[in-house]
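First up is the structure itself, then whatever we jot down about it.
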Amino acid sequence: KVEVTYLEIYNEHVRDLLAAGPAKGSHASWSLPSLRVREHPRTGPYVEDITSFAVSSYIDVERIMILGNRARTVAATNMNEQSSRSHAIFSITVTQTSIDRDEMRAMDKISRIHLVDLAG
């Protein structure tokens with residue numbers, strides 16, 4: 001199973017770039033609610049209530065990334081007309097489930113990849 005999430009950090013607020021669907025405009029994500037960062041005692045930091053999409057191909061990943069990019073906070077600079085003003089984290093979570101035949105129970109192995117784009 002493969003799932004993705006996409007968030008931005010702007011003015012010390014964490015926003016879910018996939019929560020609102022397609023958005024347009026230089027401050028499209030401002031209308032999104034700020035999410036809370038929590039820490040799980042075993043698995044570490046996570047963002048509470050973030051939208052997660054299951055994907056099955058690179059094309060799925062690319063479409064979701066494009067959708068999230070439309071919601072990013074951008075503004076014009078002297079060098080770039082559509083410069084990002086936020087940090088963004090696109091996360092890919094891969095879960096592999098296997099059966100322990102001795103104990104007759106399912107076991108999950110989870111890997112996460114975080115792709116980070118800094119403002120500017």
Side-chain angles (χ1 to χ4, degrees):
K1 175 171 94 168
V2 180
E3 297 177 309
V4 297
T5 61
Y6 202 4
L7 64 87
E8 81 171 345
I9 303 167
Y10 180 71
N11 283 343
E12 299 184 25
H13 294 278
V14 177
R15 293 188 176 89
D16 185 346
L17 294 175
L18 303 177
K24 294 188 170 45
S26 63
H27 303 295
S29 67
W30 285 11
S31 63
L32 299 174
S34 187
L35 300 176
R36 298 181 68 142
V37 177
R38 303 284 195 185
E39 180 137 10
H40 188 276
R42 198 174 52 102
T43 60
Y46 68 97
V47 177
E48 188 175 62
D49 298 328
I50 193 160
T51 304
S52 177
F53 283 101
V55 294
S56 60
S57 69
Y58 171 76
I59 292 172
D60 291 345
V61 172
E62 184 178 36
R63 286 180 183 152
I64 290 171
M65 193 175 281
I66 290 168
L67 177 73
N69 283 340
R70 288 184 189 145
R72 285 200 63 188
T73 302
V74 297
T77 66
N78 289 336
M79 297 283 288
N80 186 348
E81 205 172 288
Q82 290 289 310
S83 179
S84 64
R85 301 288 80 201
S86 64
H87 305 306
I89 303 172
F90 187 85
S91 298
I92 304 168
T93 303
V94 179
T95 304
Q96 178 184 10
T97 303
S98 60
I99 304 296
D100 182 338
R101 298 196 189 282
D102 295 334
E103 296 186 29
M104 295 306 293
R105 66 182 179 118
M107 297 176 57
D108 289 339
K109 289 183 185 178
I110 301 172
S111 296
R112 288 187 182 87
I113 301 167
H114 303 288
L115 305 174
V116 179
D117 179 26
L118 300 177

CA sep, side-chain torsions, deciding dist, call: F90, V4, side chain to side chain contact (heavy atoms under 4.5 Å, CB included) | CA-CA 7 Å; F90 187 85; V4 297; 3.8 Å; yes
Cluster overlap I66 with V61, hydrophobic side-chain contacts below 4.5 Å = no
Could you state the interatomic distance from CD1 (I64) to CD1 (I92), rounded to the nearest 0.5 Å?
-> 10.0 Å
Measure the OG1-NZ distance between T97 and K109 for me, rounded to the nearest 0.5 Å.
-> 11.0 Å
same_hphob_cluster(V94, M107) at 4.5 Å side-chain heavy-atom cutoff = no
Which atom names give the shortest non-hydrogen contact between M65 and L115, and what distance separates them?
-> CE-CD1, 4.3 Å
Of all heavy-atom pairs linking G68 and Y6, the shortest is CA-CD2, 3.5 Å
Got a sec, which residues hit side-chain hydrogen bond (donor to acceptor under 3.5 Å, both in side chains) with T5, two or more places apart in sequence or on another chain?
-> none
What residues, two or more places apart in sequence or in another chain, satisfy side-chain hydrogen bond (donor to acceptor under 3.5 Å, both in side chains) together with S111?
-> none
Qualifying residues under side-chain hydrogen bond (donor to acceptor under 3.5 Å, both in side chains), relative to H13, sequence neighbours excluded = S34
Qualifying residues under side chain to side chain contact (heavy atoms under 4.5 Å, CB included), relative to E48, sequence neighbours excluded | R36, R38, Y46
What pairs with T93 under side chain to side chain contact (heavy atoms under 4.5 Å, CB included), at least two apart in sequence or on another chain?
-> T95, I110, R112
Begin from the C-alpha positions of L17 and L7 and carry the test side chain to side chain contact (heavy atoms under 4.5 Å, CB included) through to its verdict.
-> CA-CA 5 Å; L17 294 175; L7 64 87; 5.6 Å; no
Could you tell me the separation between the CD atom of Q96 and the CG atom of D108, rounded to the nearest 0.5 Å?
-> 9.0 Å
When rounded to the nearest 0.5 Å, the distance separating NE2 of H114 from OG of S91 is 4.5 Å
What donor-acceptor contacts under 3.5 angstrom involve side-chain atoms of residues 49-59, with partners at least two apart or in another chain?
unit_1, atom_1, unit_2, atom_2, d
T51, OG1, D16, OD2, 2.7
S56, OG, D60, OD2, 3.0
S57, OG, I59, N, 3.4
S57, OG, D60, N, 3.2

